[in-house]
Amino acid sequence: MSHDFDQLTQYAKSFTGLTEEYESLLKEVGPQIIPHLAGVTKNFYEQLSAIPETEPYLSGRIDSLRAMHTQWLEGLFTKDFDTNYTSGMYKVGDVHVKVHLPVEFMSGGMTLINGQLIPLIINSFSDDTDKCTKVLSAINAATGFSLLTMQQSYQEASIAEELEKFLKISGMSRALFSNLAEAYKD
Ligand code: HEM
């Protein structure tokens, strides 16, 4: 399936309020925040490990997951949120779809991550309320953007699954379905 990642980027920005000003601010505060992100990841996996349902997905791979996760977190403070970032997050979402990670792990996981980042930011910028507020808003926008683009994979996987079921139940061939879909596409 081909994807319009440019369109998805604009769509995700409109929903999360991720502006150029926020992207620049995240890069500006990156050097101050990045040294603390391994700790954020460590706490995140401790919280996940306390949820019994996560066990099958974490067992035997915590160290590699921690490393991938810290790298992703650092990217929030170094990368441009452009088409490349969106297609990368779509692929990360797809990796989770392929390991059958339940969809609510995505929003639940991101909520836990924000819960770790909020006190870190408040401690780091406690002497400047205005900056602290802006950094928190920028992080909220960036993690929301990442979540929305990752979850797009789940939506498409669910549509593909429904189609598989329909073809199986109806006995219709994929070729016939594709021809009909093409003929009725508008
Ligand atoms: C919600 C925020 C999350 C982010 C940003 C995130 C990020 C990532 C990234 C960057 C990868 C590597 C993808 C690749 O191979 O290219 C990955 C893989 C994976 N993640 Fe997540 N993840 C999140 C939540 C979770 C949660 C909550 C779990 C499980 C409880 C989880 C389990 C996994 C597993 C099992 C893999 C595949 C690892 C492998 O290939 O061995 N992730 N994740």
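Counting starts at 1 for both ligands and their atoms, following the listed order. Please read these numbers as outputs of a predicted model, since none were measured by experiment.
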Checklist entry - So, Glu28 and Lys134, do they make that salt bridge, N to O below 4.0 Å? => result no
Next on the checklist: Tell me every residue that passes side chain to side chain contact (heavy atoms under 4.5 Å, CB included) with Val103, counting only those two or more places apart in sequence or in another chain.
Outcome noted: Gln151, Tyr154
Item to check | Verify atom 40 (O) of ligand 1: protein non-hydrogen atom under 4.0 angstrom away | outcome: no
Item to check | For atom 35 (C) of ligand 1, closest protein heavy-atom neighbour | outcome: Arg61 NH1, 3.2 Å
Checklist entry - Judged by modelled atom types alone, do Gln152 and His3 share a side-chain donor-acceptor pair under 3.5 Å? => result no
Checklist outcome for this item: Quick look: Trp72 vs ligand 1, heavy-atom contacts under 4.0 Å, and the answer is side chain
Next on the checklist: Is any side-chain heavy atom of Gln32 closer than 4.5 Å to one of Val135?
Outcome noted: no
Item to check | Numbered atoms of ligand 1 (with element) below 4.0 Å of Tyr57, judged on heavy atoms | outcome: 35 (C)
Next on the checklist: For atom 3 (C) of ligand 1, what is the closest protein heavy atom, and at what distance to 0.1 Å?
Outcome noted: Met150 CE, 4.1 Å
Next on the checklist: Closer than 2.8 Å to atom 21 (Fe) of ligand 1, what protein N/O/S atoms do you find?
Outcome noted: His96 NE2
Item to check | Interfacing atoms of ligand 1 (cut-off 4.0 Å, heavy-atom, Phe105) | outcome: 27 (C), 29 (C), 30 (C)
Next on the checklist: Counting neighbours of CD on Gln71 that are heavy atoms of other residues, nucleotides or ligands and sit closer than 6.0 Å, is the number greater than 12?
Outcome noted: no
Next on the checklist: Whether Lys91 and Asp94 form a salt bridge (side-chain N of Lys/Arg under 4.0 Å from carboxylate O of Asp/Glu) is what I want to check.
Outcome noted: no
Item to check | Ser59 side chain vs Glu55 backbone, donor-acceptor pair below 3.5 Å | outcome: no
Checklist entry - So is Ile113 close enough to ligand 1, meaning a heavy atom under 4.0 angstrom away? => result yes
Next on the checklist: If we ignore hydrogens and angles and just use 3.5 Å, is the side chain of Ser14 paired with the main-chain N or O of Tyr11 as donor and acceptor?
Outcome noted: yes
Checklist entry - Excluding sequence neighbours, so at least two apart, what forms side chain to side chain donor-acceptor pair (under 3.5 Å) with Thr9? => result Thr86
Next on the checklist: If the cut-off is 4.0 Å to any non-hydrogen atom of Leu58, which atoms of ligand 1 fall inside it?
Outcome noted: 29 (C), 30 (C)
Item to check | Contacts of type ring pair (Phe, Tyr, Trp, His ring centres under 6.0 Å), residue His96, not counting sequence neighbours | outcome: none
Checklist entry - atom 1 (C) of ligand 1: which protein heavy atom is closest, and how many Å away? => result Met106 O, 3.3 Å
